[in-house]
Amino acid sequence: MGAKNLVIVESPAKAKTINKYLGSDYEVVASFGHVRDLPAKDGSVAPDEDFAMRWEVDSKSKKRIDDIAKSLRGAENLFLATDPDREGEAISWHLAEELERRKVLNGLGVRRVVFNEITKNAVLAAMAEPRDVNQELVEAYLARRALDYLVGFTLSPVLWRKLPGAKSAGRVQSVALRLVCEREAEIEAFRAREYWHVEATMLTPAGAPFVARMTHLEGKKLDKFDLANEDDASRAVAAVEAGRFTIAAVERKAVKRNPAPPFTTSTLQQEASRKLQFGATTTMRTAQKLYEGISLDGETVGLISYMRTDSTSLSQEALTGARRLIGQDYGESYVPDAPRIYKTKAKNAQEAHEAIRPTDVSRRPDAVRPYLDKDQARLYELIWKRTVASQMASAVFDQTAADLTDDHRGTTLRATGSVLKFDGFLKLYLEGVDDPEDDSEDGKRLPALETGEKPELREARSEQHFTQPPPRYSEASLVKKMEELGIGRPSTYASILKVLQDREYVRLDQRRFIPEDRGRLVTAFLSSFYERYFEYGFTADLENDLDLISDGKIDWKTVLRRFWDSFSTIAEATMGLTGQQVRDTIDRELGPHFFPVGENGDVEAARACPSCNDGRLGLNFGRFGAFIACSNYPECKYTRNLDEAANDDGDGATLEEWPKLLGPDPDSGEPISVRKGPYGFYVQAGETKPVEKGKKKLKDKPRRASLLKSMTPVDVDLQTALRLLSLPRLLGDHPESAKPILAGIGRFGPYLKHGDGFVSLPPEDDVLTIGINRAVTVIAEAATKGKGSASRRLGEHPDDGKVITQGAGRFGPYVRHGKIYASIPRGTEPEAVTLEEAIAMIAEKRARTGDKAGGGKKAAAKKSKAKKSSAKKASAKKSSAKKSSAKKSSAKKSAAKKSKAKKSSAKKAAARKPTQDAG
């Protein structure tokens, strides 16, 4: 008989904690997220049946539902306590629907509760205020899920047929991809423009130096490009040197800078990317652990509030706690007169939750650091500082601006400075920026200046500048842009960015997104043939419609019908396009990328075939994707890959020929070259030489090294090649184990080797430049998380004294003793496994395999070998017996035939004999 009250949450870690808070009258079980979904096949959403949706429970979810159904026996109440967001509401709905379908509810009271934080007070308060499942939120989820399914399952077959090599498309992910591709096109089309500015170092009458920049020349205010070349700049410098300047005006004012609001999901992802170099996935995974709970002195406590939210508001309790702490730690001058109340500026914002904040602001980062791993500690500190700083007083700057004029020549210089007068929230926290400006005046102090003073010129100088292309998107800036445009939901941004990388539509290079050619082809196809549906405005408007559904202001099926009626018509029309129409359209769209025009601006010269001279190069599609081909095919069979096309020099010939000689090795004198092989580009030292070994003639292979994924062959120089060829390189000895640490590249990418263990190098680290200190940190983090070959030492086995370790492999987390690997059960946190638990797991594995001393595999192998040998002998014996039997049978048949023939012959002879006698 189960408990009177059953509570269903999503995470098993949360289940244990909440069960402690609620007591013995409650049983808390986990659903492990979604329990059913639309099958990944055509027909799961049926527009012709009023958008009927056919759900499926997979085998893993079926077992969880079975366990929940058993726990319901004897229960009086069911509480659906999945996460407090739209997705959580949908999971609660799915659970109730599936349990009702199985007829196991039997009139039970089914209520919904939400835990915005996992603390005892918050859990008990939520349980005291249950509600029904919010049907409007469920319908918004159903509409979103149906839209995503219909777009994906309608577009993907079109892409596969019309665009070989494309993998798939999605309603939101394709719009995010478009942002990355369009930014890259802007960068490629960018042409740098020269400009100059002139500044002077001046001295006050007291001899204090300061710098002023020219703003007016010959009475005219200078625009950015008015000093367009060195001659213009020289003329301006001469005007300053000839001038006699007077301070015409001095303006002083106090300027306040206010703190940033507490974190929402998207701003947390942005700031963690800027300050901690976390990817969006890492940020959300780490925040999930902090929300679900950390063991503090034997008690599991959630350290932050729920991490999927659009809200920037704080509860009254959080506001009071933050203001009290600020007064205690920093003084009353840092506490503003009234609490700061923030409103979100993002489109499609939901104010359903609080901002992301510490559950108890008095729990300072230093106090919880011993209980957290490095990532958790850093993220908690970031959230804590941002929350506290958001309630601190403004920073105050004294800004000064002085105009210096030479009335005779109409020249004006302007000196500006900004000095921090009161640090306020800056004492604790300053928000990061993605692409800082170089000409910030913060911290630039001016001496005392007074109107009418005549400063003396010490030096006048000019400085050349060039305009810069727009920067590529980082994870932080892309998330920010998507939120500004209202594309998707902040809770989905991490998965969107991951999908784009997994499908090789984009790659991250130096923490910036670069579109792959495959991604550009997909974007060109969708923007050409489905333009309306992948516009930023259309996607944002659809998000607005989904918000209206969640507010109960519009019917969800009305939104689906309106979308599907026009979208399906376009899809049918696109399927009818010929291959030539698709090729010509994409070739026209991406021509500037694949055939960059040289300085002469001749488009046709950029497309001239280098093989037959009178052919025109263009985009073509083959079985395995797109490539460049000559228009004179089949007479001219010239082709090249897209990556080669993108490195064209603008006159129609490929810029690089392979192999490309980089220069000699300074130590050995061997020629270093970049080459192209069947598996990609690599660098090589020397040439292959034939050598004799006994009677055999072998090839002496030269040193080789593959290029890193982030490298393009055209950019590899001699120094880079030499560094690649030097791998693996010794970084130094580990300070604790004294074992050497090596950095190298293997079949699975860059790695660190520590003793006999290997650890994959994180994407943000460079195998060519990583140092010993960073390497030690990476190895330590991998050991904490149970990743790679780095393992966590649990202790010694009491039977033989051998070390027991905990690690993770391709099949999941495990504990190891000698040659025995025992899998850690699902739902158990690997980092929480104790020595006693590990010993029990190993004993169970031994009992299951019959392994007494780690030789189970060998014994099993011998047994298997003996069994195979026995089976082979038995098979041979049986085969021999069959052959013998067949031989005897054949002999018998042959003898019978001979006997029958003999008798027949004798009979015929006997028949003939009387006749002869009569004659």
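FYI, side chains are in, hydrogens and waters are out, and symmetry mates aren't considered; it's all heavy atoms of this structure.
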Tested for ring pair (Phe, Tyr, Trp, His ring centres under 6.0 Å) against H465, the lone hit among Y195, F225, W196 is Y195
Heavy atoms of S706 and L724 approach each other most closely as O-CD2, 4.0 Å
Check whether any side-chain N or O of S673 sits under 3.5 Å from a backbone N or O of L661 as a donor-acceptor pair, and report yes or no.
no
Taking the side chain as C-beta and beyond, is there a heavy-atom pair between Y429 and E271 under 4.5 Å?
yes
Given T523 and F534, is the side-chain contact (heavy atoms from CB on, under 4.5 Å) satisfied, shown in steps?
CA-CA 9 Å; T523 297; F534 293 95; over 6 Å; no
Gap separating the OG1 atom of T154 from the CD1 atom of I570, nearest 0.5 angstrom
12.5 Å
Evaluation steps, side-chain contact (heavy atoms from CB on, under 4.5 Å), between Q270 and S266
CA-CA 6 Å; Q270 292 169 47; S266 67; 3.9 Å; yes
Is it true that E475 and R274 have a side-chain N and a carboxylate O under 4.0 angstrom from each other?
no
Is the closest side-chain heavy-atom distance between I628 and T639 below 4.5 Å?
no
Point-to-point distance, once rounded to the nearest 0.5 Å, from CG of L752 to CD1 of I770:
5.0 Å
On a heavy-atom basis, the closest approach of L478 and A176 is CD1-O, 4.5 Å
Going from CZ on R703 to OH on Y682, what distance comes out if it is rounded to the nearest 0.5 angstrom?
14.0 Å
Over 12 non-hydrogen atoms of neighbours within 6.0 angstrom of CZ in F190
yes
Please report the shortest heavy-atom distance between C609 and Y638, naming the atom on each side.
SG-CB, 3.9 Å
Non-hydrogen atoms of R675 and G686 that approach each other most closely
NH2-O, 4.2 Å
Is a donor from one side chain sitting under 3.5 angstrom from an acceptor on the other, for R512 and Y473?
no
Using ring pair (Phe, Tyr, Trp, His ring centres under 6.0 Å), reason through F529 and F525 one step at a time and then give a plain yes or no.
CA-CA 6 Å; F529 300 111; F525 180 86; 5.1 Å; yes
What I'd like to find out is whether the side chain of S528 reaches to under 4.5 Å of the side chain of E589, using heavy atoms alone.
yes
Nearest atoms (heavy-atom pairs only) where G519 meets L177
O-CD2, 3.6 Å
Kindly say whether T539 contributes a backbone atom to a donor-acceptor pair with the side chain of E543 at under 3.5 angstrom?
no
So do R378 and L382 actually touch side chain to side chain, heavy atoms under 4.5 Å?
no
Can any side-chain N or O of R178 pair as donor or acceptor with the backbone N or O of S527 at less than 3.5 Å?
no
Which atoms form the tightest heavy-atom contact between C630 and G615, and what is the distance?
SG-CA, 3.7 Å
Rounded to the nearest 0.5 Å, what's the gap from NE2 on H593 to SG on C181? Could you check?
9.0 Å
What is the distance from atom CZ of R285 to atom CG of L379, rounded to the nearest 0.5 Å?
11.5 Å
Side-chain donor-acceptor pair under 3.5 Å between T578 and Q581, yes or no?
yes
Can a salt bridge be assigned to the pair E381 and K385 using a cut-off of 4.0 Å between side-chain N and carboxylate O?
yes
If only atom types and distance count, is the side chain of R607 paired as donor or acceptor with the main-chain N or O of L617 below 3.5 Å?
yes
Show the numbers, then the answer: is there a side-chain contact (heavy atoms from CB on, under 4.5 Å) between Q464 and H197?
CA-CA 7 Å; Q464 184 185 35; H197 76 241; over 6 Å; no
Could you check whether E186 pairs with R472 (Lys NZ or Arg NE/NH1/NH2 to Asp/Glu carboxylate O, under 4.0 Å)?
no
Could you tell me whether E184 and R520 make a salt bridge, using a distance below 4.0 angstrom between a side-chain N and a carboxylate O?
no
Main-chain N/O of V582 paired to K162 side chain as donor or acceptor, under 3.5 Å
no
Under-4.0 Å salt bridge between R774 and D766
no
Derivation and outcome, ring pair (Phe, Tyr, Trp, His ring centres under 6.0 Å), residues Y751 and F758
CA-CA 7 Å; Y751 66 82; F758 291 83; 5.4 Å; yes
Should we count CZ of R161 as having more than 12 external heavy atoms under 6.0 Å?
no
Is there a donor-acceptor pair closer than 3.5 Å between any side-chain N or O of R183 and the backbone N or O of P471?
yes
Tell me whether R583 is salt-bridged to D587, with the criterion being a basic N under 4.0 Å from an acidic carboxylate O.
no
Any idea how F567 and Y530 line up, ring-wise: parallel (<30°), tilted (30 to 60°), or perpendicular (>60°)?
tilted
Hey, could you give me the OG1/CZ distance between T492 and R308, rounded to the nearest 0.5 Å?
10.5 Å
Verify, without hydrogens or angle tests, whether E504 (side chain) and D502 (backbone) share a donor-acceptor contact under 3.5 angstrom.
no
Stepwise side chain to side chain donor-acceptor pair (under 3.5 Å) check, T283 with Q269:
CA-CA 6 Å; T283 300; Q269 291 174 7; over 6 Å; no
Are Y536 and E182 close enough that a side-chain donor and a side-chain acceptor fall under 3.5 Å?
yes
Would you check, one step at a time, whether the test side-chain contact (heavy atoms from CB on, under 4.5 Å) holds for L155 with R171?
CA-CA 10 Å; L155 272 185; R171 184 178 64 86; over 6 Å; no
Quick check: does any side chain N or O of T467 sit under 3.5 Å from a backbone N or O of A192, one acting as donor and the other as acceptor?
no
Side chain to side chain, V522 and E516, heavy atoms closer than 4.5 Å:
no
Taking the side chain from R729 and the backbone from V767, do they hold a donor-acceptor pair closer than 3.5 Å?
yes
Has the side chain of T267 got a donor or acceptor atom that lies under 3.5 Å from a matching backbone atom of T264?
yes
Evaluate whether atom CD of Q510 has more than 12 neighbouring non-hydrogen atoms of other residues, nucleotides or ligands under 6.0 angstrom away.
no
F627 and F621: ring pair (Phe, Tyr, Trp, His ring centres under 6.0 Å), yes or no, with the steps?
CA-CA 6 Å; F627 62 95; F621 296 109; 8.3 Å; no
